[in-house]
Amino acid sequence: LRIALIVLLGFAVARPFLPTSPMSSSAGARVHRIVVIDDSLSMNARRADGRVRFDLARESAEKLLASFPASDAVSLVRMASPARAVIAHPAYDRRFVREQFEALTCTERAADTVGAIALAAKILRESNLLPANRTVYLISDMPARDWREESGASSPATNGLRAIVENLQDSARNLVIVQVADESPPNVAVTSFAPETPLVGVGIPVRLVVEISNFGVSVARDVLLQLR
């Protein structure tokens, strides 16, 4: 129930939420900070305010990094499939960490949300700092397909988030979700693309059958499909 609340809070944040303090458990204590950033295809989308989601995500990540005390350890996980721990260990070399953050770019690959959360949970389990001194930051557009419950059962992503909470002393303080998408963004995708006949010859016109699905909450009208 607590996890569901955290996920819902993530959906509710229309603008990036950045903590006003580094959120350490006690003054002077080192904290292991694990940043998970979504660099998948959907993060290339432009918000209603004209900003690209990934640009906002990267800006949020950089602001977070600047807020961390120099004595804190940082790890970094990228979400594009296959998910990858760019910094899998607690890194204290802030120049190295900053270089990894500055090198972040958006991809055209699908999101591996479950894999990224699993990597973050693994880094947490292997951390040599106390559970009270570990914080996870999830920066994503939080696609509904990854978090929606099916037939009353929690999604794999939500279950993965539970594994993270088990390694945190206080999930309300030590789990920060930064939602960078609009509340109801348009979401139209090509879900099927195939020639009408199995035989296709060079220089011969061919008819294509295309299926377009609307995964958004609003009606899509006058959709234009371009082939490149």
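Quick caveat, the model's predicted, so the values are computed rather than measured.
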Query raised in the report: Taking side chain as C-beta onward, heavy atoms only, is N159 less than 4.5 Å from V114?
Result: no

Report summary line: Contacts of A57 meeting side-chain contact (heavy atoms from CB on, under 4.5 Å) (sequence neighbours excluded), chain-then-number -> I37, M43, I139, V180

Query raised in the report: Which side chain to side chain donor-acceptor pair (under 3.5 Å) pairs, counting each pair once, include a residue from residues 107-122, with sequence neighbours left out?
Result: T113-D146, K122-E126

Requested in this report: May I ask you to say whether D72 pairs ionically with R30, meaning some side-chain N is under 4.0 Å from a carboxylate O?
Outcome: no

Query - Verdict with supporting geometry, N174 and V136, side-chain contact (heavy atoms from CB on, under 4.5 Å) - result: CA-CA 6 Å; N174 298 100; V136 175; over 6 Å; no

Requested in this report: Could you note down all residue pairs passing salt bridge (Lys or Arg N to Asp or Glu O under 4.0 Å) where residues 82-92 supplies at least one of them, sequence neighbours left out?
Outcome: none

Requested in this report: Name all residues meeting the salt bridge (charged side-chain N to carboxylate O under 4.0 Å, His left out) criterion together with E166; count only those two or more places apart in sequence or in a different chain, and write none if there are none.
Outcome: none

Query raised in the report: Pairs in or reaching into residues 94-104: which pass side chain to side chain donor-acceptor pair (under 3.5 Å), with residues at least two apart or in two chains?
Result: none

Query raised in the report: Excluding sequence neighbours, so at least two apart, what forms salt bridge (charged side-chain N to carboxylate O under 4.0 Å, His left out) with D38?
Result: none

Query raised in the report: Sequence neighbours excluded, which residues qualify as side-chain hydrogen bond (donor to acceptor under 3.5 Å, both in side chains) partners of R125?
Result: none

Query raised in the report: For A45, what residues pass the side-chain contact (heavy atoms from CB on, under 4.5 Å) criterion, not counting sequence neighbours?
Result: R53

**Report entry** side-chain hydrogen bond (donor to acceptor under 3.5 Å, both in side chains) partners for D49, two or more places apart
**Finding:** R47

Query - Check: F68 ring centroid to Y137 ring centroid under 6.0 Å - result: yes

Query - Sequence-distant partners of R134, side-chain hydrogen bond (donor to acceptor under 3.5 Å, both in side chains), two or more places apart - result: none

Query raised in the report: Excluding sequence neighbours, so at least two apart, what forms side-chain contact (heavy atoms from CB on, under 4.5 Å) with D55?
Result: V52

Query raised in the report: With hydrophobic residues grouped by side-chain heavy-atom distances under 4.5 Å, do L138 and L168 end up in a single group?
Result: yes

Report summary line: side-chain hydrogen bond (donor to acceptor under 3.5 Å, both in side chains) filter on S154, not counting sequence neighbours, yields R162

